[in-house]
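Input: a single structure, listed below in structure tokens.
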Amino acid sequence: MLDVGLLRSEPERIAESLRRRGVDVDLDRLVALDEKIRKVRHEAEEVRATQKRLGKEIARLAGDEKQEAIARASELADRYKALNEEVERLEEEFREAWITLPNLVDPTAADGFTEEDNVEVKRVGEPPVFDFEFADHATLGERLDVIDTARAAKVSGTRFGYIKGQGALLEFGLVRWAMERLVGEGFTPMVPPVLVREMALFGTGFFPGDREQVYAIPQDDLYLVGTSEVSLAAYHADEILEPEALPIRYAGFSTCFRREAGTYGKDTTGIFRVHQFDKVEMFVFCQPDASRDEHERLLAIEESLVQALELPYRVVNVAAGDLGASAAKKYDIEAWFPSQGRYREITSCSNTTDFQSRRLKVRTRGEKGTHLVHTLNGTAVAVGRVLIAILENHQRPDGTVAVPAALRPYVGFDAFTP
RNA sequence: GGAGAGGUGGCCGAGUGGUCGAAGGCGCUCGCCUGCUAAGCGAGUAGGGGGUGAACAGCCUCCUCGAGGGUUCAAAUCCCUCCCUCUCCGCCA
């Protein structure tokens, strides 16, 4: 959610941001609506103030004088009620449009509207050159008996997978390893709820826009999170954080659930794109002037993890039009997938500035009053994607797959073997 | 799932229709005092919106006592619905 003050003072900044995203909104209508709301509200408040003053007199009066005053107050009460209803109607109309506006795009975010417009920031490592018949992750997963999508289809349908055997052990080692690294970077480990209320999804900006991507449990009015970003962000909702405590950094481990609506036919082999996967997510609350540095820091941490896993990758600055509603700027790390012959997303790191904190009311104290904090999120380890990137990049001619050296002490074996 | 208790400011806690955005305490901030510390004394200390301002200054004003609705001239206080927490029983990893 944007600051309404910005609509009054610099509507052209909002317009420019919307242009960069390729979103068309009638801002003039919102400006006019906002003015009208203030006018009517002011009128309502003046009536209310008069009524309240009269009410205080009533307490001291008696007899006819009192009856007469009550009659007048009653009239004022009716007028206030009518005006207030008008205000509420207008506010609802305004709010409905306002909450759909995405965050202001950062000036340094890449231009363009689609994935193709993402700007490569850097490329690290060399895609492996295989002098043997290499396999894709689905084939490797089956051969090594670490991924079973066939039975998952029987049990749960398409886009599900069993991770078994050495694959399951790798997950636990990977998660433990990543958590330890993050604790070393000042993060507090968390295992947050994966079922949340609507408020948490609204507050993080997934609602109303991405509603169709979220699994709902209507019986209990709960939703399954697509990322622990949701429950980590909402953790401090309605709180005023002590400035000395900032930045607050959390590393959340959770299962993530995504409906993947509208992706029929995309990434249908293996577990590249599934409805359920586990992830270690970084989430930061910080002072507004610190969020740019914090964003670069999160990216650096992500890179160090991917490097330790010995995966060739590139970093892209995501195009404005391809950003989620809450992000002002986003970096993706894309690992090389030999079977696809291209780089594909394995982490994503966003600076959401005050977009989420305004919705969630997460503030801190300053010299004069309170102000909103900034929030950021970034993937540390998306288990499924990392597993398959390891399988594909570290496969060997004898059919085994090497476990990255950094991970060996955590997973307990040096190679996947059939 | 059944029975009961309760949700008030950073925290504890009073307050059952008007003088309450809210006693008192703790904490915190700023002064004073005292060789230092501790103690003591004084003052201050919720959040958000609107109007008027160059102003994130002042002044005026509205809203918020878990959330939403209702009764009333007037609600923290009365009524309804919901949410949450706690205790006991049942069930359960």
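Chain identifiers are assigned alphabetically (A, B, ...) following the order of the sequence lines, protein sequences preceding nucleic acid strands; residue numbering begins at 1 within each chain. Since this is a predicted model, take the numbers as computed values, not measurements.
Taking atom CZ of residue A:R8 and atom P of nucleotide B:A54, one finds them 17 Å apart after rounding to whole Å. Following rounding to the nearest Å, A:R38 (CZ) and B:G50 (P) show an atom-to-atom distance of 7 Å. Residue A:R60 contributes atom CZ, which lies 11 Å from atom P of B:U19 at whole-angstrom precision. In this entry the distance linking NE2 of A:H42 with P of B:G53 reads 11 Å, nearest Å.
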What protein N or O atoms touch nucleotides 43-47 of chain B N or O atoms at under 3.5 angstrom, if any, and at what distances?
unit_1: B:G47; atom_1: O3'; unit_2: A:R363; atom_2: NH1; d: 3.0
unit_1: B:G47; atom_1: O2'; unit_2: A:R363; atom_2: NH1; d: 2.9

For nucleotides 82-86 of chain B, give me every protein contact, N/O to N/O, under 3.5 Å, one pair per line with atom names.
unit_1: B:C83; atom_1: O3'; unit_2: A:R197; atom_2: NH2; d: 2.5
unit_1: B:C83; atom_1: O2'; unit_2: A:R197; atom_2: NH1; d: 3.2
unit_1: B:C83; atom_1: O2'; unit_2: A:R197; atom_2: NH2; d: 3.0
unit_1: B:C84; atom_1: OP1; unit_2: A:R197; atom_2: NH2; d: 3.0

Please produce a list of atom pairs where a protein N or O lies less than 3.5 Å from an N or O of nucleotides 26-30 of chain B.
none

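Here the side chains of A:Y410 and A:E180 are in contact, with some heavy-atom distance below 4.5 Å. The closest side-chain heavy-atom distance from A:F187 to A:V280 is not below 4.5 Å. When side chains are defined from C-beta on, A:T379 does not count as touching A:E345, because their heavy atoms never get closer than 4.5 Å. Looking only at side-chain heavy atoms (C-beta outward), A:L407 and A:I390 come within less than 4.5 Å of each other. You'll find the side chain of A:E334 stays beyond 4.5 Å of the side chain of A:Y313, heavy atoms only.
As the counterpart of B:U81, B:A67 is assigned, both hydrogen-bonding distances of the Watson-Crick or G-U wobble pattern falling under 3.5 Å. Of the nucleotides present, B:A3 is the one that pairs with B:U87 by Watson-Crick or G-U wobble criteria, both distances under 3.5 Å. Pairing for B:G21 is absent, judged as Watson-Crick or G-U wobble with the two contacts each under 3.5 Å. Remark: B:C26 base-pairs with B:G10; criterion is Watson-Crick or G-U wobble with both hydrogen-bond distances under 3.5 Å. Under the Watson-Crick and G-U wobble criteria, each requiring two contacts below 3.5 Å, nucleotide B:A54 is left unpaired. B:G40 and B:C32 make up a base pair, with Watson-Crick or G-U wobble contacts both under 3.5 Å.
Relative to the ring axis of A:F202, A:R359 places its NZ or CZ within 45° and under 6.0 Å from the centre. In this structure, A:R385 forms a cation-pi arrangement with A:F272, its terminal cationic atom sitting closer than 6.0 Å to the ring centre and no more than 45° off the ring axis. For the pair A:R48 and A:Y80, the cation-pi test (distance below 6.0 Å, angle within 45°) is passed.
Nucleotides B:U85 and B:C80, compared at atom P, are 23 Å apart to the nearest Å. The gap from the P atom of B:C86 to that of B:G15 amounts to 24 Å, rounded to the nearest Å. B:G9 and B:G44 have their C1' atoms separated by 15 Å, given to the nearest Å. Annotation: B:A14 and B:U77 have their C1' atoms spaced 13 Å apart (nearest Å). Between B:C56 and B:G18, the distance separating the two C1' atoms is 36 Å to the nearest Å. B:G48 and B:G6: their C1' atoms are spaced 27 Å apart (whole Å). Comparing B:C41 with B:G25, their P atoms are spaced 11 Å from each other, to the whole Å. Atom P of B:G4 sits at a distance of 36 Å from the matching atom of B:C63, rounded to the whole Å.
Here the two rings, on A:Y223 and A:F206, have centers that are 6.0 Å apart or farther. If you look at A:F416 and A:H394, their ring centroids are not closer than 6.0 Å.
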* Asked: After noting the C-alpha distance and the side-chain angles of A:E294 and A:R297, does the key distance pass the salt bridge (Lys or Arg N to Asp or Glu O under 4.0 Å) rule?
  -> CA-CA 5 Å; A:E294 209 49 60; A:R297 187 166 182 269; 3.7 Å; yes
* To do: Would you sort out whether A:T269 and A:D136 count as a side-chain hydrogen bond (donor to acceptor under 3.5 Å, both in side chains), showing the intermediate values?
  => CA-CA 9 Å; A:T269 49; A:D136 68 16; 4.9 Å; no
* Give the intermediate values and the outcome of salt bridge (Lys or Arg N to Asp or Glu O under 4.0 Å) for residues A:R72 and A:E68. => CA-CA 7 Å; A:R72 267 190 297 144; A:E68 196 268 332; 3.4 Å; yes
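The stretch residues 144-163 of chain A participates, sequence neighbours left out, in these ring pair (Phe, Tyr, Trp, His ring centres under 6.0 Å) pairs: A:F160-A:H275.
Nearer to the 5' terminus of RNA chain B, by closest-nucleotide assignment, is the contact made by A:E242 (compared with the other of A:E242 and A:E91). For A:A59 and A:R41, each mapped to the nucleotide of RNA chain B holding its nearest heavy atom, the one lying further toward the 5' end belongs to A:A59.
Regarding the sugar-base torsion, B:G53 falls in the syn class, its angle being within 90° of 0.
Remark: A:D3 engages no residue in a side chain to side chain donor-acceptor pair (under 3.5 Å) (not counting sequence neighbours).
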* Going 5' to 3' through nucleotides 55-73 of chain B, assign each nucleotide B (protein heavy atom under 4.0 Å from a base atom), S (under 4.0 Å only from sugar-phosphate atoms) or - (no protein heavy atom that close). => -B----BSS---------B
